[in-house]
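Structure first, commentary second.
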Amino acid sequence: MPAEASTSRPPSPPLTERQEARRRRILHASAQLAGRGGFDAVQMREVAESSQVALGTLYRYFPSKVHLLVATMQDQLERMHGTLRRKPPAGDTATERVAETLMRAFRALQREPHLADAMVRALTFADRSVSPEVDQVSRQTTAIILDAMGLDDPSPEQLSAVRVIEHTWHSALITWLSGRASIAQVKIDIETVCRLIDLTVPQE
């Protein structure tokens, strides 16, 4: 729709090697600051100083703190995906593998609660201007789940199940961060929603 099109940004050209290195320094600085003090500790001027880029340059990469922290979450998920690929989940069924994968990702975030809280708050605050970054987080989460399922070409029903699983995982992260759910409850919720896979994937 025209109204929505006006809020989206055109695709960015591929980054040069030097630009990519600069972007990685920025994301590293963002994660370090968030890890020490959460959302409020991530100040754009401090990120610029820590990553050794000009403040104006930082804003060209990330127009706001919310853009930056959502991109930081995508980067963290990408790192987790790499770890999961090197050491895949060991479950016998797709349901077991996805549940194990999401709990491993959850525990990785649990080890950095301030960082996790900052990234989740940024996702919560994100408006339409942050849609490209939010979409990247969603695509990365989907890729992690599909890898655990062992699927390259999912059906619409399987993608629908993945979306529900993704929403539940995100909601479980929020309720844990707010102190309204224990790790044990999170595990139960994730294992429960992953049973949706049984409805869409032939039994192995």
Side-chain angles (χ1 to χ4, degrees), residues 7-89 101-148 166 169-170 172-174 176-178:
T7 63
S8 62
R9 302 197 303 274
S12 301
L15 297 179
T16 65
E17 190 174 329
R18 185 176 177 184
Q19 288 171 329
E20 182 59 37
R22 186 181 295 137
R23 185 177 185 275
R24 298 220 64 79
R25 290 203 309 273
I26 291 169
L27 291 173
H28 179 70
S30 168
Q32 282 201 318
L33 288 167
R36 287 200 292 266
F39 185 85
D40 293 335
V42 181
Q43 300 298 321
M44 296 297 269
R45 189 172 296 280
E46 286 189 47
V47 172
E49 290 173 0
S50 182
S51 56
Q52 297 179 312
V53 302
L55 187 59
T57 301
L58 172 59
Y59 277 109
R60 282 199 296 275
Y61 281 82
F62 303 103
S64 73
K65 179 164 83 169
V66 170
H67 286 83
L68 173 58
L69 281 169
V70 174
T72 302
M73 185 163 197
Q74 192 275 332
D75 184 61
Q76 294 293 312
L77 287 170
E78 191 175 328
R79 290 168 184 267
M80 286 180 203
H81 199 180
T83 301
L84 288 162
R85 279 174 168 161
R86 288 190 295 273
K87 189 180 178 185
T101 291
L102 291 178
M103 282 309 298
R104 280 170 62 182
F106 189 90
R107 289 191 181 101
L109 292 170
Q110 184 190 2
R111 289 192 288 272
E112 296 263 18
H114 290 306
L115 174 58
D117 183 63
M119 296 186 301
V120 168
R121 284 178 66 183
L123 274 178
T124 304
F125 295 153
D127 58 20
R128 282 187 181 181
S129 72
V130 198
S131 289
E133 288 81 4
V134 173
D135 287 347
Q136 284 278 72
V137 167
S138 181
R139 278 194 292 270
Q140 189 68 58
T141 309
T142 296
I144 288 171
I145 294 171
L146 290 176
D147 259 16
E166 183 183 332
W169 183 77
H170 181 236
L173 187 55
I174 291 173
W176 173 74
L177 285 167
S178 63

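Sequence positions, counted from 1, serve as the residue numbers for this chain.
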Quick one: are [X] and [Y] in side-chain contact, heavy atoms under 4.5 Å?
X    : Y    : answer
M119 : L109 : yes
E133 : L68  : no
T101 : I145 : no

Which heavy atom in [X] sits nearest to a heavy atom in [Y], and how many Å separate them?
X    : Y    : answer
E166 : S138 : OE2-OG, 3.0 Å
L102 : W169 : O-NE1, 3.2 Å
A122 : V66  : O-CG1, 3.4 Å
V137 : V70  : CG2-O, 3.5 Å

>> When you measure from the side chain of S30 to the backbone of I26, do you find a donor-acceptor pair of N or O atoms at a distance under 3.5 Å?
In response: no
>> Would the distance check show the side chain of S51 and the main-chain N or O of V47 forming a donor-acceptor pair, the cut-off being under 3.5 Å?
In response: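 Pair found, side chain donor or acceptor close to backbone of V47.
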Does the side chain of [X] pick up a donor-acceptor pair with the side chain of [Y] at under 3.5 Å?
X    : Y    : value
R60  : T57  : yes
R86  : T83  : yes
Q110 : R107 : no
Q136 : Q140 : no

Going from [atom1] on [X] to [atom2] on [Y], what distance comes out if it is rounded to the nearest 0.5 angstrom?
X    : Y    : atom1 : atom2 : value
E78  : Q76  : CD    : CD    : 10.5 Å
R79  : Q74  : CZ    : CD    : 10.5 Å
S131 : H67  : OG    : NE2   : 8.5 Å
D117 : R121 : CG    : CZ    : 5.5 Å
H114 : L177 : NE2   : CG    : 11.0 Å

>> Show, in sequence, the C-alpha distance, side-chain angles and deciding distance for R45 and E49, and conclude whether the salt bridge (Lys or Arg N to Asp or Glu O under 4.0 Å) test is met.
In response: CA-CA 6 Å; R45 189 172 296 280; E49 290 173 0; 5.4 Å; no
>> Under 6.0 Å from the ring centre and within 45 degrees of the ring axis: does the NZ or CZ of K65 meet both conditions for the six-membered ring of F125?
In response: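 Cation-pi check for K65 and F125: fails.
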>> Can you tell me if H170 has over 12 outside heavy atoms packed within less than 6.0 Å of its NE2?
In response: yes
